[in-house]
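First up is the structure itself, then whatever we jot down about it.
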Amino acid sequence: LEKARGVATWQPDMKPAALTFGAHGWFDALAIANDQVCYSASGIGIVSAQLRCSSAEQPLWLGGSSVRHLQLSADRLLWASATSVGIVKVSTALTALGQWRVHGLPRALAGTPRWAAWDEGSAVVVGELHVEGTRRFDVGLAAEGRVVLAGLADRVLFGPTADCSLRALDVGNHEQQCLM
């Protein structure tokens with residue numbers, strides 16, 4: 001972590017989780033933004049996934065499936081496992097705001113304070129806070145390989161597709177536009 005033209009070493013507080021055979025000693029995922037560090041770790045044997053952030057005193061227990069992707073966006077933490085995607089508010093406590101079922105581990109995540117987006121095959125799926133269900137947009141993402149997603153106001157930027165390196169999807173009116 002680079003800070004004030006120097007380098008600081010941050011040592012997480014990794015306590016073994018209850019009802020597991022012990023922590024495996026590695027992060028499942030790590031997200032760093034500004035002065036905030038968030039990470040996920042899970043026990044082996046009986047999976048008991050937890051999220052921790054440097055500002056929060058207590059971890060948030062997710063259970064069931066290891067969190068493999070984390071992304072900080074302002075005071076929100078986006079997370080993804082092979083079964084779910086969720087949004088957590090980060091402050092002195094971690095508060096779960098929303099969670100949606102997924103079909104396989106997403107390759108990329110994006111979000112704003114209102115919604116989270118992820119890829120499922122060639123589609124972009126959007127889950128909005130305080131709205132039942134999700135919306136699926138078949139946008140022609142490459143079925144394999146790396147993809148990118150970014151959230152900007154009411155738009156999801158994504159790519160590549162067969163005809164465009166980077167496209168924008170308006171979450172409200174469903175319009176798409178090629179940017180590059």
Side-chain angles (χ1 to χ4, degrees), residues 1-2 12 24-34 36-44 47 49-53 60 62-74 76-88 90 96-129 131 133-180:
L1 304 178
E2 187 175 333
H24 51 65
W26 295 96
F27 300 118
D28 292 323
L30 180 69
I32 302 171
N34 301 321
Q36 186 73 263
V37 179
C38 296
Y39 62 95
S40 68
S42 59
I44 57 174
V47 174
Q50 64 170 309
L51 294 179
R52 281 189 175 269
C53 291
L60 178 64
L62 298 175
S65 191
S66 297
V67 172
R68 296 295 181 194
H69 293 299
L70 287 178
Q71 179 179 322
L72 279 162
S73 175
R76 306 295 165 106
L77 178 66
L78 305 174
W79 63 268
S81 71
T83 59
S84 300
V85 165
I87 300 178
V88 173
V90 178
L97 299 176
Q99 185 172 340
W100 302 275
R101 301 293 293 166
V102 297
H103 304 288
L105 182 65
R107 294 175 286 174
L109 289 174
T112 68
R114 257 183 348 101
W115 53 263
W118 60 93
D119 70 293
E120 286 187 2
S122 65
V124 170
V125 180
V126 176
E128 291 186 71
L129 294 178
V131 175
T134 59
R135 289 186 287 164
R136 182 181 178 90
F137 301 94
D138 289 309
V139 295
L141 282 173
E144 293 183 3
R146 292 181 184 225
V147 296
V148 295
L149 293 177
L152 180 64
D154 287 333
R155 300 191 319 167
V156 180
L157 309 180
F158 62 91
T161 63
D163 63 342
C164 184
S165 297
L166 185 66
R167 295 186 74 83
L169 166 69
D170 189 302
V171 174
N173 64 22
H174 308 184
E175 290 180 5
Q176 291 186 41
Q177 172 185 6
C178 183
L179 302 178
M180 299 177 58

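A quick note: this is a predicted structure, and the numbers were derived from the prediction, not measured. In this chain, numbering begins with 1 at the start of the sequence shown.
- Taking 4.5 Å as the limit, every side-chain heavy atom of V67 sits out of range of all side-chain heavy atoms of Q50.
- Counting only heavy atoms from C-beta outward, the side chains of V37 and C53 never approach each other to under 4.5 Å.
- Side-chain atoms of Q99 and W79, non-hydrogen and from C-beta on, do get closer than 4.5 Å to each other.
- Every side-chain contact (heavy atoms from CB on, under 4.5 Å) that A150 has, sequence neighbours left out, goes to L157.
- Of all heavy-atom pairs spanning L179 and A168, the tightest one is CD1-CB, 3.9 Å.
- A donor-acceptor distance shorter than 3.5 angstrom exists from the side chain of R135 to the backbone of V171, with no hydrogens or angles considered.
- What you find for R101 and S84 is that their closest heavy atoms are NH1-OG, 3.6 Å.
- The neighbour count for D163 CG, taken as heavy atoms of other residues, nucleotides or ligands under 6.0 Å away, is above 12.
- Residues L141 and A123 share a closest heavy-atom pair of CD1-O, 4.0 Å.
- With hydrogens and angles ignored, the 3.5 Å screen pairs no side-chain donor or acceptor of T161 with any backbone N or O of G140.
- Checked by atom type and distance alone, the side chain of H69 never pairs as donor or acceptor with a backbone atom of A108 at under 3.5 Å.
- Note on residues 139-179: pairs passing ring pair (Phe, Tyr, Trp, His ring centres under 6.0 Å), not counting sequence neighbours, are F137-H174.
- D170 and R155 are not joined by a salt bridge, as no carboxylate oxygen comes within less than 4.0 angstrom of a charged side-chain nitrogen.
- Among all heavy-atom pairs drawn from T112 and A153, the shortest one is CG2-O, 3.4 Å.
- Looking only at side-chain heavy atoms (C-beta outward), V102 and V125 stay at 4.5 Å or farther from each other.
- A side-chain donor-acceptor contact under 3.5 Å links E120 to the backbone of H103.
- Between R167 and V156 the shortest side-chain heavy-atom distance does not fall below 4.5 Å.
- Contact annotation: the side chain of L72 approaches that of C38 to within less than 4.5 Å [non-hydrogen atoms, C-beta and beyond].
- A donor-acceptor pair under 3.5 Å is absent between the side-chain atoms of S73 and the main chain of R76, judged by distance alone.
- Minimum interatomic distance between L78 and G111 (heavy atoms only, all atoms of both residues): CD1-N, 3.4 Å.
- Closest approach of A116 to V85, counting heavy atoms only: CB-CG1, 4.4 Å.
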